[in-house]
Structures are given as C-alpha cells and as structure tokens.
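Okay, so here's the structure we're looking at.
Since the structure is predicted, the reported quantities are computational estimates derived from the model, not experimental observations. A note on names: the letters A, B, ... follow the listed sequences, proteins ahead of strands, and every chain is numbered from 1.
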Amino acid sequence: MNFRQRVYALVRLIPSGRVLAYGDVATALGSPRAARQVGYALAALGDDTVPWHRVVRKSGHIAHGGEPGRAPLQRVLLEAEGVVFDAGHVDMARHRWQPEAGDVAGV
DNA sequence: GGTTTGACCATAA
DNA sequence: CTTATGGCCAAAC
C-alpha cells in the first residue's frame with residue numbers, strides 16, 4: 001500500500017477531541033523521519049473522508065498550508081471537538097493520541 | 001535513472 | 001521571541 005494511503009487510514013482512526021503530530025503519524029507508520037510525507041499526503045488529499053484537522057505540528061501549532069483559510073478552519077473544527085487552545089496552540093501533552101498496536105496492524 | 005519539492009523536525013544564534 | 005541551516009523521506013516530474 002502507498003505511504004499516503006497508510007497516512008489516510010491512520011488519520012481516520014484518530015478519535016474525536018484528540019490530535020497527532022505529523023511526526024507521530026510517521027512514527028506510527030514505521031518511518032519516524034517521514035513527517036514531511038505526512039503533510040504532503042494530507043495536502044494531496046482530495047476527499048474529506050479523513051479528519052485531517054486532527055493532525056498538527058509537534059509544537060501544537062497549526063501548520064501553514066498553501067491553501068488560505070485552512071488554518072482558521074482547522075482550529076474551529078478542533079475546538080468544536082473539545083480541543084483546548086492555549087495562546088494559539090494546542091496543548092499537546094493533554095490532547096496527543098497514541099495509536100494502539102491493533103489499530104496500526106489493521107491498516 | 002536523477003532532480004525538485006514540500007500541511008516537518010531539531011538545533012543554533 | 002524570531003530567523004537560518006541541515007537533514008529527512010516519499011512522491012512527482
């Protein structure tokens with residue numbers, strides 16, 4: 001399976017109110033240094049069947065996409081799920097989700 | 001095949 | 001706090 005498809009599959013498993021860093025997704029897929037590919041995969045994402053807004057930077061800050069208006073939208077979607085924003089960034093220590101072994105195996 | 005690119009990350013100043 | 005630099009891996013050309 002392509003790397004991008006694996007990214008989509010894993011992101012779909014993120015529960016509501018939880019977030020993951022690009023690097024965390026890459027690590028869960030077995031390539032800890034492929035954080036850029038995760039963002040690349042989400043950028044090429046056409047369908048909205050994937051909760052892409054639950055993926056942020058490791059700092060908890062929202063990534064600067066080339067598409068204008070995407071960042072504010074992402075924040076709104078996260079806050080709607082109960083994610084707490086502190087000084088413009090997500091509290092990662094509080095909302096970071098850790099994928100379980102069974103979840104990644106199913107992909 | 002080589003080269004470019006990018007919703008990243010870590011480090012340093 | 002900001003800016004700069006290098007590395008990284010997969011996809012696209």
Atom pair distance, as rounded to whole Å: [atom1] in [X] and [atom2] in [N]:
X        : N       : atom1 : atom2 : value
His61(A) : dA7(B)  : NE2   : C1'   : 13 Å
Asp24(A) : dC9(B)  : CG    : P     : 8 Å
Ile62(A) : dC9(B)  : CD1   : P     : 14 Å
Leu29(A) : dC8(C)  : CG    : P     : 19 Å
Phe3(A)  : dA12(C) : CZ    : P     : 13 Å
Met1(A)  : dA11(C) : CE    : C1'   : 17 Å
Arg54(A) : dA7(B)  : CZ    : P     : 22 Å
Arg4(A)  : dG6(B)  : CZ    : P     : 15 Å

N/O donor-acceptor pairs under 3.5 Å from side chains in residues 26-33 of chain A, not counting sequence neighbours:
residue  : atom : partner  : partner atom : Å
Thr27(A) : OG1  : Gly23(A) : O            : 2.8

The nucleotide from dC9(B), dA12(C), dA7(B) with an atom nearest the side chain of Gln74(A) is dA7(B)

| query | Going by modelled atom types, is there a donor-acceptor pair between the base of dA7(B) and the side chain of Arg70(A) at under 3.5 Å? | reply | yes

**Message:** When you measure only distances, ignoring hydrogens and angles, does the side chain of Tyr40(A) come within 3.5 Å of the base of dA7(B) through a donor and an acceptor?
**Reply:**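 Result: no qualifying N/O pair found.
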
Flag, side chain of His89(A) to backbone of Asp86(A), donor-acceptor distance under 3.5 Å: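 Yes.
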
| request: Keeping the roles fixed (side chain from Arg4(A), backbone from Leu45(A)), state whether a donor-acceptor pair exists under 3.5 Å. | output: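 Checking the backbone N and O of Leu45(A) against the side chain of Arg4(A), no donor-acceptor pair under 3.5 Å is found.
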
At less than 4.0 Å, is any side-chain N or O atom of [X] found next to OP1 or OP2 of [N]? Yes or no.
X        : N       : answer
Lys58(A) : dA10(B) : yes
Ser31(A) : dC8(C)  : no
Arg36(A) : dG6(C)  : no
Arg57(A) : dC8(B)  : yes

Rounding to 0.5 Å, atoms OH (Tyr22(A)) and NZ (Lys58(A)) come to a distance of 14.0 Å

When the side chains of residues 7-19 of chain A are checked against the rest of the protein, which donor-acceptor pairs come out under 3.5 Å, sequence neighbours left out?
residue : atom : partner  : partner atom : Å
Tyr8(A) : OH   : Ala41(A) : O            : 2.8

Judged by nearest nucleotide, the residue sitting upstream toward the 5' end of DNA chain C, Ala44(A) or Ala34(A), is Ala34(A)

